[in-house]
Amino acid sequence: MKIKCNVLDRQFQMYQSEYEEAALRVLRSGWYVLGNEVLQFEKEFAQFTGRNYCVGLNSGLDALILSVRALGIGEGDEVIVQANTYIATVLGITENGAVPVFVEPDEYFNMDAGRIEQAVTNRTKAIMVTHLYGQASDMDAITAIAENYHLALIEDCAQSHGAHFGGKMTGTFGISGCFSFYPTKNLGAFGDAGAIVTDDAAFADTIRMMRNYGSRVRYHNEIEGVNSRLDEMQAALLRVKLGHMQALNDERKTLAKRYAEGITNPQILLPGLREGAESIYHQYVVRCANRESLQKMLEQSGIQTQIHYPIPPHLAKCYAHLGHKKGDYPVAETYADEVLSLPLYTGMTFAEQDYVIGQLNAWRA
Ligand SMILES: *Cc1c(COP(=O)(O)O)cnc(C)c1O
């Protein structure tokens with residue numbers, strides 16, 4: 001059996017007629033960027049998250065970059081970020097000239113709240129928290145620290161559409177919830193797209209200006225903006241998928257539960273779930289001390305897996321100038337050496353999954 005790590009066309013086929021109808025509606029409308037579909041999607045996504053405002057953007061990275069910029073964070077400022085996140089979270093900081101200060105992850109792959117306070121200095125302006133692999137971070141503790149030290153809280157929700165902590169949705173704890181709708185995300189478009197959600201009217205207004213060359217009124221450029229507009233096609237297709245979000249996330253939870261119950265190999269460490277936290281299983285990430293050999297065996301059995309992520313940002317070549325070295329963040333580095341993302345996608349059949357589980361259980365290092 002051949003199993004890919006991620007399959008995108010099955011979710012298209014599931015709702016094919018709705019997608020096609022939405023696409024045709026846009027093609028025939030004569031209006032293709034920032035129009036009624038974007039407006040409606042923004043309204044519906046704000047409602048989905050329970051926030052007052054949503055601003056559609058070009059990508060998740062733009063949501064992060066513009067959030068930091070709109071808060072006035074730049075040169076000389078520090079932003080706290082977890083050491084095992086995707087490079088985009090860190091780029092959101094460094095694209096503004098600010099300095100990322102890394103904090104080790106906890107046993108759930110999220111920011112270790114117990115290590116944040118020792119990273120705070122008098123230059124710290126914000127905490128950027130990523131709800132990695134779909135699981136909500138320790139938001140009671142993190143929100144309390146942000147309030148105590150008067151730090152802005154920015155959430156990277158690129159992997160956590162719809163995941164809650166203590167009954168509250170990720171993206172609603174800080175001033176800005178940053179979302180990516182890249183095709184592989186739980187709420188994925190058919191191209192690049194992103195958004196921020198917020199309850200702060202002035203913040204939303206600034207982001208809205210920034211995304212369209214810094215203007216509210218065309219050709220009246222109040223600030224130096226960018227082009228980060230969301231197009232009508234992506235917005236219309238996202239509206240279709242958003243309507244099925246609960247079912248799509250539930251399906252992933254069912255698949256995750258089957259992995260948790262099915263994998264019994266003691267050499268493979270299963271992901272845990274924090275008390276009070278929900279995961280929408282953007283990735284199902286196991287740990288294995290002999291990952292290379294496990295991955296190779298799976299590959300030979302026709303099972304594709306991925307590593308999220310093999311090099312932690314502090315050791316990335318592009319950040320050599322920050323002066324970090326191997327050993328600075330040992331937990332993040334261990335995860336980089338041991339994590340393996342198993343196949344999990346919309347439309348994955350139990351037969352496909354059972355084949356993966358069987359191979360995992362038969363393997364010995
Ligand atoms: C995907 C992702 C991003 C970036 O989103 P893009 O839409 O690809 O720019 C940021 N942070 C995390 C954690 C992601 O997984």
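For ligands, and for the atoms within them, numbers begin at 1 and follow the listed sequence.
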Test side-chain hydrogen bond (donor to acceptor under 3.5 Å, both in side chains) on Y19 and Q11 and set out the steps. CA-CA 10 Å; Y19 282 128; Q11 65 87 22; 2.8 Å; yes
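Here the heavy atom of the protein found nearest to atom 9 (O) of ligand 1 is L61 N, 2.8 Å. If you check which protein heavy atom lies closest to atom 11 (N) of ligand 1, you get D156 OD2, 2.7 Å. Scanning all protein heavy atoms for the shortest distance to atom 7 (O) of ligand 1 gives S180 OG, 2.6 Å. For atom 10 (C) of ligand 1, the closest heavy atom belonging to the protein is A88 CB, 3.4 Å. Looking from atom 2 (C) of ligand 1 to the surrounding protein, the closest heavy atom is K185 NZ, 2.8 Å.
A cation-pi contact, defined as under 6.0 Å to the ring centre and within 45° of the axis, links K168 to F173.
For ligand 1, the atoms closer than 4.0 angstrom to any heavy atom of G60 are 5 (O), 6 (P), 7 (O), 9 (O). For ligand 1 and S59, the ligand atoms under 4.0 Å from any heavy atom of the residue are 7 (O), 9 (O). Contact atoms of ligand 1 toward T130: 13 (C) (distance under 4.0 Å to a heavy atom of the residue). Atoms of ligand 1 found under 4.0 Å from any heavy atom of A158, numbered from 1 in the order shown, are 2 (C), 3 (C), 10 (C), 11 (N), 12 (C), 14 (C), 15 (O).
Aromatic ring centres of H244 and Y15: separated by under 6.0 Å. Aromatic rings of F109 and Y335 (six-membered ring for Trp) have centroids within the 6.0 Å cut-off, being under it.
At least one N or O atom of Q159 sits closer than 3.5 Å to an N or O atom of ligand 1.
A side-chain N or O of Y319 and one of T94 form a donor-acceptor pair less than 3.5 Å apart. Side-chain N/O atoms of T89 and D156 include a donor and acceptor closer than 3.5 Å.
Residue R25 forms a side chain to side chain donor-acceptor pair (under 3.5 Å) with just one option from E37, E20, E232, and that option is E37.
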